[in-house]
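So the structure is just underneath, and the comments pick up after that.
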Number of protein chains: 2
Amino acid sequence: MEAEMMVHDAKACIQLVPIFQSLSTKEKAEVATLVRHHHFAAGESLFTAGDAVTSLLIVAHGQVKITQIAANGKEQLLYLLNPGDFDGEAALFKASTRQNFGTALSATDVCLIRREDFQKLLQRSPQLALNILNAFGQRLASVTEQTTRTTTASIEERLAMYLLETAGKNTADFTLPLKKKDIASYLGTTPETISRKFRDFADAGLIKKLAVNRFQILDPDQLALME
Amino acid sequence: MEAEMMVHDAKACIQLVPIFQSLSTKEKAEVATLVRHHHFAAGESLFTAGDAVTSLLIVAHGQVKITQIAANGKEQLLYLLNPGDFDGEAALFKASTRQNFGTALSATDVCLIRREDFQKLLQRSPQLALNILNAFGQRLASVTEQTTRTTTASIEERLAMYLLETAGKNTADFTLPLKKKDIASYLGTTPETISRKFRDFADAGLIKKLAVNRFQILDPDQLALME
DNA sequence: CGTTTCCTTGAGGATGGTCAACCCGTGTGG
DNA sequence: CCACACGGGTTGACCATCCTCAAGGAAACG
């Protein structure tokens, strides 16, 4: 029964993940046999810097935050993994130890493929390699974008961008998916400053505070103009 | 004669580039037939944001700076391409236009492989794909590192790190490879601040100024302690 | 030798970090 | 059911860092 469960989850994982989607049904079945899955509760650590990298990790359900600790001890939130995202450095890199930390933000299911199995897969399926290259390219572009923004834009501008991206279409009523502490870490600032900027935005009539960490965006155009 | 010249350059390019090094001699010869090369004078633009991406670009000789223009119009130096480096986003991405700018810092020779040719190569050589994935992974780690540093460290700390990395073993007498304007852009600050910090370092006895943009590092350990 | 580009230095001011106090919602145990 | 503790959020006062603007000097280049 447990085995059946695993196969079910493995298939779900593979269906979910963009990098496997262009594979044939036969190939997908093959991949499914290699997959192990694992569950983490909110707040649990998936891995820690210094851990040996033994598997490629794919998020099936939930949300994972990836952080790095700077030389001075400060934590920096690098990016979030949502369902379908994978941890790229993982299976491919020569460096065999993790450089960063992975923590589950909510209850999370992940699929794991062992490094060696994955390398064999890659050798046999050039299309898979292409898919991964594309995914990598996109993450690279996103991290690059983040760097540019951090070094050139003010906190106010960065927060405005973050709000628009995070809210998406739900401008009428949306809840911040992260604590202020994490947003601050992501944007390279402090919770206090985030708090103040939210107040400023509200004073300027750009947003309306519905509750703690719940907002309505009144003037998206003006917010976008900040950047 | 020109054809012979080109073949020569093509071979040189392929010898130089890590991603091709694990290929068989036969495969390398194949790759060589696909390569076109091009020369740029110092200061010349290799490509501009908005250009269609038609080729993978490999630097054979010289140095290229890759920059991005932020929304507010400020230029941010992302990274440098040295001999053997390639422009990764280039041939692989779905997005068919450049997001950033490439400018030759010195006289530069590059090799070009057309997108379609490269994709075919990838399909046939899984090892090549693995090499590229590794290279991508390293660039990703480097950009990530840069982001963390920028958001968590002070300018002083960032400059100290930059100095140590750039000087390498030549602590006794080394010349900055970039203008202060570019260093500033790379570290997310202004030329004025760079100038002042250099003076501070000199006052503190950490470095000694030999000439404009030429320095001796007196106390690398102390510099490293900054971070 | 003049022009341009880069570098340096200073004065002043904005931005945002730090520290500390207080508030509020949630949960826990008496 | 209430007191209390706890984690996060908010606010204020103060201060360090670093940017901007401006002017002058040095080096590079024709």
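Predicted model only: the values in this text are computed from it and were never measured. Letters A, B, ... mirror the listed sequences (proteins, then strands); counts begin at 1. Atom set for the values below is all heavy atoms of this structure, side chains included, hydrogens, waters and symmetry mates excluded.
Taking the side chain of B:Thr189 as heavy atoms from C-beta on, and the options D:dC21, D:dC19, D:dT10, the nearest nucleotide is D:dC19. If you check D:dC18, C:dC7, C:dT18 against the side chain of B:Thr193, the one that comes closest is D:dC18. The nucleotide whose nearest atom lies closest to any side-chain atom of A:Ile155 is, among C:dC7, C:dG16, D:dT10, C:dG16. Side chain of B:Val212, nearest nucleotide from D:dC19, D:dT20, D:dA27: D:dA27. Among the nucleotides D:dC18, C:dG10, C:dT18, the one closest to any side-chain atom of B:Arg199 is C:dG10. Of the candidate nucleotides D:dT11, D:dC18, C:dC7, C:dC7 has the atom nearest to the side chain of B:Ser195.
For the residue pair B:Asn213 and B:Lys179, no side-chain donor N or O sits within less than 3.5 Å of a side-chain acceptor on the partner.
Following rounding to the nearest Å, B:Lys179 (NZ) and C:dT4 (P) show an atom-to-atom distance of 16 Å. If you take CG of A:Leu178 and C1' of D:dG8, they are 14 Å apart, rounded to a whole angstrom. The separation between B:Arg214 atom CZ and D:dA27 atom P is 13 Å, rounded to whole Å. Here D:dC19 presents its P atom at 9 Å from CZ of B:Arg196, a figure rounded to the nearest Å. Atom pair B:Ile194:CD1 and C:dT9:P shows a separation of 14 Å (rounding to whole Å applied). For B:Asp182 and C:dT5, the CG to P distance is 15 Å, given to the nearest whole Å. In this structure, B:Glu156 atom CD and C:dG17 atom C1' are separated by 16 Å, rounded to whole Å. Taking atom CD1 of A:Ile183 as the reference point, atom C1' of D:dG9 lies 12 Å away to the nearest angstrom.
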Quiz item: After noting the C-alpha distance and the side-chain angles of B:Thr152 and A:Gln76, does the key distance pass the side chain to side chain donor-acceptor pair (under 3.5 Å) rule?
Solution: CA-CA 7 Å; B:Thr152 59; A:Gln76 154 78 1; over 6 Å; no

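Using a 4.0 Å cut-off between charged side-chain N and carboxylate O, A:Glu165 and A:Arg149 make a salt bridge.
The side chain of A:Lys74 contributes an N or O atom lying less than 4.0 Å from OP1 or OP2 of C:dT18. Taking only side-chain nitrogens and oxygens, B:Lys197 comes nearer than 4.0 Å to OP1 or OP2 of D:dC18. Dashed line: the shortest gap from a side-chain N or O of B:Thr190 to OP1 or OP2 of D:dC19 is under 4.0 Å. Here B:Lys180 does not reach the OP1 or OP2 of C:dT5: none of its side-chain N or O atoms lies under 4.0 Å away.
For the pair B:Leu78/B:Val143, no side-chain contact is recorded, criterion being any heavy-atom separation below 4.5 Å from C-beta on. The side-chain heavy atoms of A:Leu159 and A:Glu156, taken from C-beta on, include no pair separated by under 4.5 Å.
Nearer the 5' end of DNA chain C, as judged by each residue's closest nucleotide, is the contact made by A:Arg158, out of A:Glu192 and A:Arg158.
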